[in-house]
Amino acid sequence: TGVRVERLQEITEEGAINEGLLPCGSFALGHELDKFAVERFAVLWDGIYSGRGYGWEQNPWVWVIEFEKVGKEKAP
């Protein structure tokens, strides 16, 4: 439904969730530690691309491809 380029760090919380990363929360020493989906996305991205020189800190240009999932209709 759409194609554009943007800098990696411009990803929104909604965009990171759409990539499959959910925010999580935990409690440690009585303090809630929240990790937003964007932060989890950055960790995943670095695990895949930082060794190739395209880490989160380099903030490369990326393609954003948006699409709509179309379900298969059930046969009568």
Side-chain angles (χ1 to χ4, degrees):
T1 60
V3 177
R4 67 180 186 281
V5 294
E6 70 181 27
R7 297 294 266 193
L8 177 63
Q9 293 179 15
E10 292 176 6
I11 192 168
T12 63
E13 188 73 2
E14 180 182 6
I17 291 170
N18 289 340
E19 290 290 334
L21 286 294
L22 298 177
C24 67
S26 63
F27 288 88
L29 302 173
H31 296 91
E32 186 173 356
L33 302 174
D34 290 324
K35 196 166 216 182
F36 296 101
V38 171
E39 293 171 321
R40 296 184 74 204
F41 179 80
V43 170
L44 176 63
W45 181 274
D46 271 346
I48 298 169
Y49 298 109
S50 64
R52 300 177 189 173
Y54 300 106
W56 180 260
E57 291 301 317
Q58 284 73 34
N59 198 22
W61 288 95
V62 295
W63 288 101
V64 179
I65 302 171
E66 297 175 329
F67 60 93
E68 180 180 337
K69 183 177 178 182
V70 179
K72 185 175 182 180
E73 292 185 33
K74 295 182 180 179

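All values below were derived from every heavy atom in this structure, side-chain atoms included, with hydrogens, water molecules and symmetry-related copies excluded. Position 1 is the first residue of the sequence, and the numbers go up from there.
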In Å, rounded to the nearest 0.5 Å, how long is the span from CG of N18 to CZ of F41?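 These two atoms lie 11.0 Å from each other.
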Inter-residue atom distance F36.CZ - I17.CD1, 0.5 Å rounding: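 Separation between the atoms: 10.5 Å.
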As a quick check of understanding, evaluate side-chain contact (heavy atoms from CB on, under 4.5 Å) for E39 and V43, giving each step before the final call. CA-CA 6 Å; E39 293 171 321; V43 170; 5.9 Å; no
Please tell me whether V3 and V62 are part of a single hydrophobic cluster in this structure, the criterion being side-chain heavy atoms less than 4.5 Å apart.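 Looking at the clustering, V62 is in a separate group from V3.
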Would you say F67 and V5 are hydrophobically clustered, going by side-chain heavy atoms of ILVMFWY under 4.5 Å?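 Different clusters.
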Neighbour count above 12 (heavy atom, 6.0 Å) for E66 CD: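 Enclosed: over 12 neighbouring heavy atoms sit under 6.0 Å from CD of E66.
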With a cut-off of 6.0 Å (strictly less than), are more than 12 heavy atoms of other residues, nucleotides or ligands near CH2 of W61?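 Counting neighbours around CH2 of W61, more than 12 heavy atoms of other residues, nucleotides or ligands fall under 6.0 Å, so yes.
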Hey, could you give me each pair passing side-chain hydrogen bond (donor to acceptor under 3.5 Å, both in side chains) that has a residue in residues 43-54? Not counting sequence neighbours.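 Sorted result for residues 43-54: empty, none.
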Please give me the minimum heavy-atom distance between P60 and G55, naming the atom from each residue.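 Looking at all heavy atoms of both residues, the closest pair is CD-O, 3.6 Å.
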Minimum heavy-atom separation for L8 to N59, with atom names?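 Scanning both residues, the minimum pair turns out to be N-OD1, 3.2 Å.
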Counterpart residues, salt bridge (charged side-chain N to carboxylate O under 4.0 Å, His left out), relative to E6 (two or more places apart):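 E6 satisfies salt bridge (charged side-chain N to carboxylate O under 4.0 Å, His left out) with R4 only.
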